[in-house]
Amino acid sequence: MARTIPYAVKGPVASIWGVLSNPYRLKSLLGRVVLYLVLLAGAVLVTIPFIWLISSSLKPQAQLVAFPPIWIPNPILWENYPKALTALPFARFIANTLIIATGATLGTLVSSSMGAFAFARLRWRFRDVVFFALLLTIMLPGQITMIPRFVLFAKLGWVNTYLPLIVPAWFANPFFVFLMRQFFMGLPTELDDAARIDGASIFGIYWRIMLPLSKPVLATVALFSVQHHWNAFIGPLIYLHDLDKFTAAIGLRYFVTDTQVHYSLQMAASAAFSIPIIVLFFVGQRYFIQGIVFTGVKG
C-alpha cells in the first residue's frame with residue numbers, strides 16, 4: 001500500500017515527503033546528486049591550474065618557490081602586471097599573434113568548409129577513398145613534415161614572414177574537414193534538391209544554404225583554430241627571427257634568462273595573454289556547444 005502524506009504536511013515539505021516515500025524517485029534523486037558532485041569535482045580540478053596561475057601572478061618571487069605552497073599572496077603585488085607587459089613590447093606581440101590567428105582561422109573556415117561540402121554533399125568517383133586518405137594524414141606527426149616544410153618555405157623566401165604560419169591554413173585541416181562533414185551530413189538533402197530546382201549552382205548551395213545553417217560548427221572550428229594559433233610556439237619560433245615579428249607565446253619565453261626565471265612576471269603575462277581566449281569562449285559558447293553536440297550525434 002502506498003504511503004500517504006500526513007494531512008498537516010503541505011507545500012515544499014509535501015514535495016520532499018513525496019520524493020522520500022517513492023523509492024524510484026529517491027534513487028533518481030541520489031543518482032543526480034552523485035552526478036552533480038562528480039561534475040563539480042571535475043570542474044574544481046580543471047580550474048585549479050588557472051587559480052594557481054592568477055595567484056602566482058600576484059606573488060613576490062620568493063613566495064613562488066615556498067613549501068608548502070602559498071595560495072593567497074601576501075602582499076598582493078598588482079604591479080606585476082604592468083611590469084610584465086612593459087618589460088617587453090607585448091602590445092606588438094599580441095598584435096602579431098592576432099594577425100596570424102585571424103588570417104589562419106579565416107583560411108581554415110573557408111578551405112575546410114569547402115572540402116567538407118565536397119565530401120558530404122557531392123557525388124564523385126573515389127570520394128570515399130580520398131576521404132579515407134585525408135583522414136590518414138591526421139595520424140602523421142607534425143615532426144615528420146617539419147623539416148621538409150621549412151626547406152620549402154625557405155626556398156620560397158617566406159622565412160621570417162607570417163606566410164608559413166597563415167598560408168597552410170588555406171589548404172584545409174583534415175580534422176576540421178571531418179568535423180564539418182559530419183555536420184553537413186546531418187542536414188536534409190532535400191535542401192540541395194530544392195535549391196537546384198530553383199536554379200542554384202553548386203557554389204550557390206554551399207554559400208546560400210550550407211553556410212548559413214552551419215553557424216554552430218563554424219563557431220566550433222573557429223574557436224579551435226584561434227586557440228591553436230594563439231598558443232602556437234614551435235611554428236613562430238622556427239619561422240620568425242625579428243623581435244618585432246614575435247608572437248606573445250615566444251615573448252613569454254623571454255622571462256627565462258640564463259641566470260634567473262622571473263616566474264611572477266611570466267605568470268602575470270600568461271594570465272593577461274589568456275584573457276582574449278577566455279572571453280572568446282564565453283561569447284561563443286552557445287554555438288560551440290551546439291557544434292560539438294550536432295557533430296557528435298549526426299553522421
Side-chain angles (χ1 to χ4, degrees), residues 35-58 80-81 84-85 90-91 93-113 116 138 142 162 165-166 168-170 172-184 186 211-236 247-253 266-298:
L35 176 62
Y36 290 154
L37 289 177
V38 172
L39 293 176
L40 180 61
V44 171
L45 289 176
V46 171
T47 310
I48 284 177
F50 184 74
I51 295 176
W52 178 256
L53 172 67
I54 299 299
S55 174
S56 300
S57 67
L58 299 173
N80 284 345
Y81 282 87
L85 297 178
F90 263 93
F93 293 166
I94 292 177
N96 297 339
T97 307
L98 187 61
I99 292 172
I100 295 172
T102 302
T105 299
L106 181 61
T108 298
L109 291 175
V110 172
S111 59
S112 298
S113 62
I138 300 178
Y162 299 145
L165 306 174
I166 297 177
W170 287 82
N173 182 291
F175 174 72
F176 294 148
V177 171
F178 169 77
L179 201 66
M180 290 187 175
R181 174 183 175 272
Q182 295 301 107
F183 186 90
F184 289 162
L211 289 187
L213 295 175
S214 304
K215 292 179 181 179
V217 71
L218 291 175
T220 302
V221 171
L223 184 59
F224 279 142
S225 178
V226 170
Q227 182 182 20
H228 169 73
H229 292 95
W230 191 265
N231 298 326
F233 178 77
I234 296 297
T247 61
I250 300 179
L252 294 175
R253 185 63 179 79
Q266 189 178 49
M267 293 292 183
S270 299
F273 180 54
S274 62
I275 290 176
I277 296 296
I278 296 174
V279 172
L280 179 64
F281 173 78
F282 280 106
V283 169
Q285 64 175 331
R286 180 168 65 92
Y287 290 113
F288 173 72
I289 295 173
Q290 288 180 359
I292 292 295
V293 171
F294 290 159
T295 54
V297 300
K298 295 182 179 182

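All values below come from the heavy atoms of this structure, side chains included, with hydrogens, waters and symmetry mates left out.
In this structure, the ring pair (Phe, Tyr, Trp, His ring centres under 6.0 Å) partners of F273, at least two apart in sequence or on a different chain, are W230. With sequence neighbours excluded, the residues forming a side chain to side chain donor-acceptor pair (under 3.5 Å) with T105 are S225, listed by chain and number. Listed by chain and residue number, nothing satisfies the side chain to side chain donor-acceptor pair (under 3.5 Å) test with S214 (two or more places apart in sequence, or in another chain). Take V279 and apply the side chain to side chain contact (heavy atoms under 4.5 Å, CB included) test, not counting sequence neighbours, and it matches I275, V283. Evaluation of the side chain to side chain donor-acceptor pair (under 3.5 Å) rule for T108 yields no partner, not counting sequence neighbours.
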Task: Worked check of side-chain contact (heavy atoms from CB on, under 4.5 Å) between L213 and F184 - done: CA-CA 9 Å; L213 295 175; F184 289 162; over 6 Å; no
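A tilted orientation is assigned to the rings of F178 and F175, their planes being inclined by 30° to 60°.
In this structure, the separation between CD1 on I250 and CZ on F93 is 8.5 Å, given to the nearest 0.5 Å. Remark: F224 CZ to N173 CG distance equals 11.0 Å, nearest 0.5 Å. One distance of note links CG of L53 with CG of L58; it measures 9.5 Å at 0.5 Å rounding. L218 CG to F183 CZ: the interatomic distance, rounded to the nearest 0.5 Å, is 8.0 Å. To the nearest 0.5 Å, atoms OG (S112) and CH2 (W170) are separated by 11.0 Å. Rounding to the nearest 0.5 Å gives a distance of 13.5 Å between NE2 of H228 and CG of L223.
Looking at every heavy atom in both residues, A272 comes nearest to P276 through O-CD, 3.6 Å. S111 and A172 get closest at one heavy-atom pair: OG-N, 2.9 Å. Of all heavy-atom pairs spanning L165 and G235, the tightest one is CD2-C, 3.7 Å. Annotation for A104 and I166: closest pair N-CG2, 4.0 Å, computed over non-hydrogen atoms. Heavy atoms only, all atoms of each residue included: A84 and A268 are closest at CB-CB, 4.0 Å.
With hydrogens and angles ignored, the 3.5 Å screen pairs no side-chain donor or acceptor of T247 with any backbone N or O of T97. Using a distance-only test at 3.5 Å, with no hydrogens or angles considered, a donor-acceptor pair links the side chain of S113 to the main chain of V110. Between the side chain of Q227 and the backbone N or O of I277, no donor-acceptor pair lies under 3.5 Å.
Side-chain contact between Y162 and N96: present, with at least one pair of heavy atoms (C-beta onward) separated by less than 4.5 Å. V221 places a side-chain heavy atom less than 4.5 Å from the side chain of M180.
Every pair passing side chain to side chain donor-acceptor pair (under 3.5 Å) that includes a residue from residues 38-58 is listed here, sequence neighbours excluded: W52-S56, S57-Y81.
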